[in-house]
Amino acid sequence: MENNYNNINSVYALMDCNQFYVSCERAFNPFLENKPVGVLSNNDGCLVALSPELKAMGITRGMPGFKVKEMLQKQGKYVYLFSSNYELYGDMSSRVMKIARDTAIDIEIYSIDEAFLLLDGIQPFNSYTQYAETLRTKIKKSTGIPVSIGIAKTKTLAKIANKIAKKTKSGVFDLTTLSEDEIHKLLKSVKVEDIWGIGRQHNKRLRKNGIYTAYDFINCNQEWVKKEMSIVGEKTQLELKGIPCSELEKEIPNPKSIVCSRSFGRPVTQYIELAESISLFCTKAIKRLRKKNHVAKTLHIFITTNPFNSGSQYANFTQANLINYSAYTPDFIKLAISLLEKIYKPGYAYKKSGVMITNMIPEDRIYPDLFYSRYGDDNRDKVMKLVDKINKQYDKDIIFFASNGIKKSWSMKREMISSRFTTRWTELPIVKAK
DNA sequence: TCTGGGGTCCTAGGACCC
DNA sequence: TCTGGGGTCCTAGGACCC
C-alpha cells in the first residue's frame, strides 16, 4: 500500500451531530425537546432525520412523510414534522465546525454534520477523551447542537467509535485506550454493513461468503477482498486493522460536477413548464458554479415520469458541450432548451427534471481561444456577478430570467418549513420578556 | 394526493494512436 | 495458415457516502 507517508501514530476523531436537522429545529424551538420530531426531504418527501422518540415508534429513515402521518394518526399519536430548511442547517453547521476547527490540530469537514479532527499532540488535555468532552460541552452551550465523538487510529475505526459513542451517556468513545484484543472483541459486535464503505451490495456478497461482522471482515484474505471490492475495500480492511490509508483531506478539492434537480409538487404535462424548470435549475447550477469560481463546458439534462405510478413511463437524458468554457447563465439555458426539445415527448406526466454540469475548471485556468474571448475578458461575467450581488443583497432573486417562469406552480412542496432564524433579518427568533 | 437531492471514486471496455 | 502490442483517453455503469 502507498501509505508509507501516513503517520501511523495519528489519532483521528469523528465528530458527528446527533440527528442534526432535528437538533437544528429544536435549537430554536425548545418545546420540541423530548417529542417525536422528524425532518422531511425536499418536496416534503421522505424522512431524512428522526428524533429518538420518533425512532422508538418504529419509524425509520426513508419512509414517506405521508405514510408516517397516516400510521401514527391511526395509533392516536402526534408527530412534529418539518420541511427541510437547508439555509438554517447550513448556517448552524458552519457555527459548529468553526468551534471544532478552533480547538483541533486540523479538521476535515466531511459533510454538513460530520468532521474528522486530527488530535495527536493536542494540548493541554490529559486525554483525548477529556478533549472531546470539553469540545462537546462547548458546542452544545454555544449552538444548542449535541454532538458525539469517536476516537481511533484510523478514520474508519473512528467512525465505529462514533457509533459506540452515540450510545454512551458521555457521547465520547476512545478506541485508542483499548488493547488489540479488546478492539477485536468489539469488532465482533459490529455488523459488516455498519462499516463505513460497505453498502448494500457488498454486504450481500460478504454475507453470502459467511462474513457477518467487522471481525470476520478483517480476517478475510486481502487478495480476495481486493478482487471482490476493489482497492476501496482493501483500504477499508486495512483501516479496520489500524493501518491508516486515508489522510485528513484539508483542502476542499475542485468540484467535478454540480447537479440541480427537483421533483415537482404535482405532475407536469406542459412542455413550457418543463422548460421553465430546466431553465431555473440551470440558473441555480450556474450560480453555484460562479460561487466556486469555476467555469464549465458540458451540460446534461434529464426528465422523468414518476416510477412509483402505474401510468406509462418515460425517462431520458442527454448532454452537449458549449464551444467554450463559461459561467454565463444564458449560454447554458440556451443549450438546455435545445436539448430539451430533443428529448421531450408529449403526453406524459413528468415528475422530475434536472441538470448536471461537468467538465469544470477553475476560472483562472482558462486559456484564451483564438476565436472566442475568454470568460472574464468581456462584460458577460461582470453582468452575472452584478446580478449575483444584487440578488444576495435583497435576500431573494429579484433579478431573474424570464425563461425560469413566474408562477412556477410546479414547484416543490415545502409546507412545513421553519424560519431561517440565523440568516434572514425578517425571520429572527423573537424572545419575549416576562 | 403524497416515495429526496447532491456528490465521489473505481473499473472495464471501446476508440484511437503509434 | 498466419492478422501486434502498448499506451492514453473517454465513457458508462456500479459501488459508495451524507
Side-chain angles (χ1 to χ4, degrees), chain A residues 14-17 19-21 38-49 59-71 73 81-86 89-90 93 108-116 155-156 159 162 192-206 225-236 245-246 249 252-267 281 284-285 288-289 292 297-298 300 302 304-311 317-319 321 349 351-360 411-416:
Chain A
L14 177 69
M15 177 189 83
D16 183 301
C17 303
Q19 320 103 37
F20 182 52
Y21 297 173
V39 176
L40 299 167
S41 62
N42 268 328
N43 217 25
D44 294 344
C46 309
L47 268 178
V48 289
I59 308 297
T60 54
R61 198 188 135 97
M63 283 172 80
F66 72 93
K67 269 193 187 165
V68 172
K69 257 193 244 168
E70 244 173 49
M71 257 180 70
Q73 243 159 34
L81 291 183
F82 291 87
S83 306
S84 38
N85 186 345
Y86 290 110
Y89 309 152
S93 171
E108 170 188 343
I109 296 174
Y110 181 69
S111 74
I112 193 166
D113 72 327
E114 269 179 59
F116 288 104
K155 285 157 88 176
T156 308
K159 274 270 194 183
N162 182 276
V192 80
E193 68 259 39
D194 290 337
I195 300 168
W196 185 41
I198 296 186
R200 285 237 304 275
Q201 301 305 317
H202 287 331
N203 178 38
K204 231 197 260 173
R205 195 168 328 152
L206 289 170
V225 170
K226 188 175 182 183
K227 203 179 114 246
E228 296 288 319
M229 301 167 65
S230 86
I231 191 154
V232 182
E234 192 185 16
K235 282 187 178 177
T236 299
C245 299
S246 163
E249 285 170 32
I252 301 161
N254 283 331
K256 303 207 165 52
S257 65
I258 292 174
V259 175
C260 187
S261 71
R262 292 280 182 285
S263 297
F264 302 127
R266 58 161 169 79
F281 301 157
K284 285 176 185 282
R288 258 152 58 194
L289 183 69
K292 293 169 194 277
K297 208 169 182 177
T298 308
H300 315 239
F302 68 88
T304 172
T305 53
N306 189 348
F308 291 100
N309 278 4
S310 50
F317 63 93
T318 184
Q319 67 180 78
N321 287 320
K351 177 61 183 170
K352 185 176 177 180
S353 74
V355 309
M356 178 162 76
I357 311 296
T358 58
N359 230 327
M360 294 164 48
S411 284
M412 67 171 181
K413 284 194 290 191
R414 262 178 142 188
E415 289 169 349
M416 302 165 271

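As the structure is a prediction and not an experimental result, all values here were calculated from the model. To find a chain, count down the sequence lines: A is the first, B the second, and so on, and within it residues start at 1. The figures that follow rest on heavy atoms only: side chains count, while hydrogens, waters and symmetry mates do not.
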Can you check the A:E234 CD to B:dC9 P distance for me, whole Å?
18 Å
Counting the atoms with a prime plus P, OP1 and OP2 as sugar-phosphate, which does A:L40 contact under 4.0 Å by heavy atoms, base, sugar-phosphate, or nothing?
nothing
Taking the side chain of A:N42 as heavy atoms from C-beta outward, which of B:dT3, B:dG4, B:dG7 is closest to it?
B:dG4
Distance-only side-chain donor-acceptor flag, A:T304 / A:K352, under 3.5 Å:
no
Integer-rounded Å distance: B:dC10 P and A:M229 CE
14 Å
Check the distance between C:dC17's P and A:W196's CH2 and give it to me in whole angstrom.
9 Å
Nearest-Å distance for atom pair CG/C1', residues A:N309 and B:dC2
10 Å
Output yes when at least one side-chain N/O atom of A:S257 is less than 4.0 Å from OP1 or OP2 of B:dT8, else no.
yes
Counting any heavy atom closer than 4.0 Å, what does A:K352 reach on the DNA or RNA strands: base, sugar-phosphate only, or nothing?
sugar-phosphate
Would A:S263 and A:K351 count as a side-chain hydrogen bond (donor to acceptor under 3.5 Å, both in side chains) here? Give the steps.
CA-CA 6 Å; A:S263 297; A:K351 177 61 183 170; 5.2 Å; no
Report the C-alpha separation of A:E114 and A:K159 in whole Å, then their side-chain angles, then the decisive distance to 0.1 Å, and conclude whether the salt bridge (Lys or Arg N to Asp or Glu O under 4.0 Å) test is met.
CA-CA 10 Å; A:E114 269 179 59; A:K159 274 270 194 183; 2.7 Å; yes
For the pair made of CZ in A:F264 and C1' in B:dT3, what is the distance, rounded to whole Å?
16 Å
Taking the minimum atom-to-atom distance to the side chain of A:N306, which one of C:dC17, B:dT3, B:dG5 wins?
B:dT3
If the cut-off is 4.0 Å, is A:K256 near the phosphate of B:dC9, judged by side-chain N/O to OP1 or OP2?
yes
Where each residue is assigned the nucleotide of DNA chain B containing its nearest heavy atom, which of A:F308 and A:V232 is assigned the position nearer the 5′ end?
A:F308
Hey, is the side chain of A:S261 poking within less than 4.0 Å of OP1 or OP2 on B:dG6, counting only N and O atoms?
yes
Check the pair A:T358, A:H300 against side-chain hydrogen bond (donor to acceptor under 3.5 Å, both in side chains), reporting the backbone distance first and the verdict last.
CA-CA 8 Å; A:T358 58; A:H300 315 239; 2.8 Å; yes
A:K226 atom NZ is separated from C:dA15 atom C1', nearest whole Å, by 17 Å
Mapping A:V259 and A:E70 onto DNA chain B by nearest heavy atom, which one lands closer to the 5' end?
A:E70
The side chain of A:Y86 is closest to which nucleotide in this list: C:dA15, B:dG7, B:dG4?
B:dG4
So, is A:S230 close to the C:dA15 phosphate, meaning a side-chain N or O under 4.0 Å from OP1 or OP2?
no
Check the angle between the aromatic planes of A:F116 and A:W196 and answer parallel, tilted or perpendicular using the 30° and 60° thresholds.
tilted
Please tell me if A:K159 has a side-chain N or O lying less than 4.0 Å from either OP1 or OP2 of C:dC18.
yes
Would you indicate what A:R200 reaches in the nucleic acid, counting non-hydrogen atoms under 4.0 angstrom: base, sugar-phosphate, or nothing?
sugar-phosphate
Nearest to the side chain of A:R288 - B:dG6, B:dT3, C:dC18?
B:dG6
Hey, does the side chain of A:N306 reach the backbone of A:F308 with a donor-acceptor pair shorter than 3.5 angstrom?
yes
Salt-bridge present (A:R200, A:E193; N to O < 4.0 Å)
no
For nucleotides B:dT3 and C:dC18, find the distance between their P atoms and express it as a whole number of Å.
25 Å
Pick base, sugar-phosphate or nothing for A:K204, based on heavy-atom distances below 4.0 Å to the nucleic acid.
nothing
Options C:dC17, B:dC10, B:dG6, nucleotide nearest the side-chain atoms of A:C260:
B:dG6
At 4.0 Å (heavy atoms only), tell me whether A:I112 reaches a base, stays on the sugar-phosphate, or touches nothing.
nothing
Re B:dC18: Watson-Crick or G-U wobble partner, both distances kept under 3.5 Å, found to be C:dG5
Would you indicate which nucleotide in C:dC17, C:dA15, B:dT3 comes nearest to any side-chain atom of A:Y110?
C:dC17
From C:dC17, B:dT3, C:dA12, nucleotide with atom closest to A:Q319 side chain:
C:dA12
note: A:K235, atom NZ; C:dA15, atom C1'; distance rounded to Å ~ 15 Å
Remember a base hit wins even if backbone is also touched, and classify A:K227 as base, sugar-phosphate or nothing at under 4.0 Å, heavy atoms.
nothing
Rounded distance (Å) that lies between atom C1' of B:dG7 and atom CG of A:L289:
15 Å
Remember a base hit wins even if backbone is also touched, and classify A:N43 as base, sugar-phosphate or nothing at under 4.0 Å, heavy atoms.
nothing
Among B:dT3, B:dG5, B:dG4, which nucleotide has an atom closest to any side-chain atom of A:R61?
B:dG4
Reckon A:D113 touches a base, only the sugar-phosphate, or nothing at all at heavy-atom distances under 4.0 Å?
sugar-phosphate
